[in-house]
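Right, one structure below, let's go through it.
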Protein chains: 2
Amino acid sequence: MSHSHLDKIEPLSIDCVVFGFEAESHDLKILLIKRAIEPHFGSWALPGGFILYSEGIDEASNRILNEMTGIENLYLKQLRAFGEVNRYPDKRVITLSYYALVKPGNYTLTPGDDASAAEWFLLSESPSLPFDHQEILDEAISTLRREVRNRPIGFELLPEKFTLLQLQKLYEAILGIELDKSNFRRKIQRMNLLVKLDEWEENVAHRAARLFKFDKDIYDDLQNKGLIFDV
Amino acid sequence: MSHSHLDKIEPLSIDCVVFGFEAESHDLKILLIKRAIEPHFGSWALPGGFILYSEGIDEASNRILNEMTGIENLYLKQLRAFGEVNRYPDKRVITLSYYALVKPGNYTLTPGDDASAAEWFLLSESPSLPFDHQEILDEAISTLRREVRNRPIGFELLPEKFTLLQLQKLYEAILGIELDKSNFRRKIQRMNLLVKLDEWEENVAHRAARLFKFDKDIYDDLQNKGLIFDV
DNA sequence: TCAAAAGTGTTTGCAATACACCCATGC
DNA sequence: GCATGGGTGTATTGCAAACACTTTTGA
């Protein structure tokens with residue numbers, strides 16, 4: 001995806017909210033970059049940049065995230081436009097927010113020209129953000145929580161084979177609440193989404209848990225139908 | 001809300017999807033304008049226009065709808081940006097979609113300079129739309145149906161005092177399905193949203209129905225909490 | 001033998017759905 | 001007296017929520 005530097009630039013930007021979840025630590029994280037351009041040079045902020053005339057907006061979200069962080073080919077979902085007149089200093093810039101949910105371990109972060117660093121932050125320890133990025137982040141969190149209740153997203157975040165407790169911890173991390181073990185298991189198993197394997201955890205200091213994997217066909221089906229997962 | 005014609009214009013537009021519901025006829029309608037400007041001069045299309053540098057986007061949605069149709073001070077909710085490179089002929093225009101749900105009888109339509117007419121169309125009889133307006137409309141319908149299931153919206157569309165059947169017909173029109181009378185009544189009454197009045201219909205060719213009104217406090221509360229209305 | 005997590009079962013209560021049925025009124 | 005809609009009742013089924021209990025394993 002190359003483009004000439006002579007391409008006209010829209011006064012329209014994209015800001016990406018990339019959530020990361022680590023199954024091992026049960027931590028929900030957010031990807032930030034350290035700005036190497038004005039305004040707010042040196043601040044940690046959402047990875048973002050300007051849309052070019054020659055690209056669609058979804059395409060742009062992908063390019064911009066890649067240029068800022070090195071992450072390639074990540075599908076980002078659009079949230080909405082933020083367009084207060086003075087949200088950006090000196091000139092009028094309207095921005096489109098996009099978000100995604102990934103496994104941090106899958107990506108090597110390599111900051112591009114406009115960033116001096118790209119790092120994962122614990123959601124609870126994120127620095128204060130410039131522009132209206134905190135508002136954008138807050139809305140993205142709300143959307144993520146709503147989405148996770150309405151469809152089985154986030155299953156890509158677990159290892160191929162996983163235990164029910166790992167799955168439960170994923171939901172607990174995203175939703176920020178505790179769930180009842182028995183009820184969670186019943187509900188998730190009723191969906192016929194999981195395939196019970198004849199394999200077990202090894203080397204754990206307690207009874208070994210059975211491993212499961214996803215039934216890809218049913219998973220895709222549920223994604224489309226938007227089954228309610230009402231935790 | 002006045003502004004100079006010298007204001008710079010963003011290559012960013014807004015398109016408004018305004019739904020109308022008439023309690024009497026049980027019809028769900030859509031507001032379209034007949035374009036008096038190029039491109040697509042003469043076509044029926046969503047009311048839309050360009051955002052000015054000097055206004056916030058929510059503000060802009062209001063001004064544009066007013067200029068196109070004469071409707072004043074209508075709160076519109078943003079859906080999302082549509083930004084395919086070639087969605088608009090000749091130049092690059094990204095658009096933000098906004099939507100609202102109103103009672104057609106409350107408004108006098110007066111087309112502005114860029115429109116030769118503004119009219120309500122039955123949703124089922126809307127003409128084919130230019131640009132990507134059909135896609136925008138389809139998404140707005142989906143959003144409306146999702147919203148009406150998740151919170152008690154649309155109650156502004158009924159007369160101050162109404163019968164339960166009128167309320168049921170509203171839901172049926174928006175959702176495009178039939179509902180069971182008994183179950184609908186039980187569910188809606190369980191919400192404590194309605195105040196039972198000691199007034200009845202008059203001059204109807206069947207047993208007169210009791211009238212209800214909304215409990216404004218509870219209504220506002222439910223709007224914020226987003227109670228599930230799972231029809 | 002203790003801690004930690006796996007895994008199962010039970011009870012309570014409400015809600016969704018599908019019907020069936022009687023009531024009141026104008027034509 | 002019949003069509004039209006108002007209004008109520010009931011049986012079934014399934015799930016949510018709370019929580020109690022047994023099992024397995026390593027340290």
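Letters go in sequence order (proteins before strands), and every chain restarts at 1. Values in this document were obtained by computation on a predicted structure and should not be read as measured data.
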N or O in side chain of B:Arg185 less than 4.0 angstrom from D:dG7 OP1/OP2: yes
Touch class at under 4.0 angstrom, heavy-atom based, for B:Arg186 against every strand present: base
Touch class at under 4.0 angstrom, heavy-atom based, for A:Leu164 against every strand present: nothing
For atom CZ of B:Arg149 and atom P of C:dA16, their distance in whole Å: 12 Å
Closest heavy-atom pair and its distance - B:Ser61, B:Ile14: N-CD1, 3.6 Å
Geometric class of the A:Phe121/A:Trp44 ring pair [parallel <30°, tilted 30-60°, perpendicular >60°]: perpendicular
All ring-ring contact (aromatic ring centres under 6.0 Å, His included) counterparts of A:Phe162, not counting sequence neighbours: A:Phe214
Nearest to side-chain heavy atoms of A:Lys187, which nucleotide of D:dA17, D:dG7, C:dG7: D:dA17
Interatomic distance where CG belongs to A:Asn183 and P belongs to C:dT11 [whole Å]: 15 Å
Rounded interatomic separation in angstrom, taking CD1 from B:Ile177 and P from C:dA18: 11 Å
Distance, rounded to the nearest Å, where A:Met191 contributes CE and D:dG14 contributes C1': 15 Å
Nearest-neighbour nucleotide for the A:Arg190 side chain, C:dT8, D:dG6, D:dA16 considered: D:dA16
Basic-acidic side-chain contact under 4.0 Å: B:Glu139, B:Arg80: yes
Nucleic acid contacts - residues 196-206 of chain B versus DNA chain C, non-hydrogen atoms under 4.0 Å: B:Val204, B:Ala205, B:His206
Rounded distance in Å - CZ (A:Phe162) to C1' (C:dA5): 18 Å
Integer-rounded Å distance: D:dA16 P and A:Gln189 CD: 14 Å
hbond_proxy A:Asp180 side chain to D:dA16 base (donor-acceptor, 3.5 Å cutoff): no
Donor/acceptor link under 3.5 angstrom from A:Lys181 side chain onto base of C:dA6: yes
Closest non-hydrogen atom pair, B:Ala81 against A:Ile57: O-CD1, 3.7 Å
Residues A:Arg146 and A:Ser142: side-chain donor-acceptor under 3.5 angstrom: no
Between P of C:dC19 and CD of B:Glu178, the distance in whole Å: 14 Å
Any donor-acceptor N or O pair under 3.5 Å, side chains B:Asn66, B:Arg63: no
Spacing of B:Phe184 atom CZ relative to D:dT8 atom P, expressed in whole Å: 15 Å
Listed nucleotide nearest any side-chain atom of A:Ser182, set D:dA18, D:dG5, C:dG9: C:dG9
Donor-acceptor pair under 3.5 Å, B:Thr163 side chain vs D:dG6 base: no
B:Gln189 to B:Leu164 - nearest heavy-atom pair and separation: NE2-CD1, 3.7 Å
Terminal axis angle for the helix from C:dT1-D:dA27 to C:dC27-D:dG1, five pairs an end, nearest 10 degrees: 10°
Between A:Asp58 and A:Tyr98, a side-chain donor and acceptor under 3.5 Å: yes
Salt-bridge present (B:Arg210, B:Asp198; N to O < 4.0 Å): yes
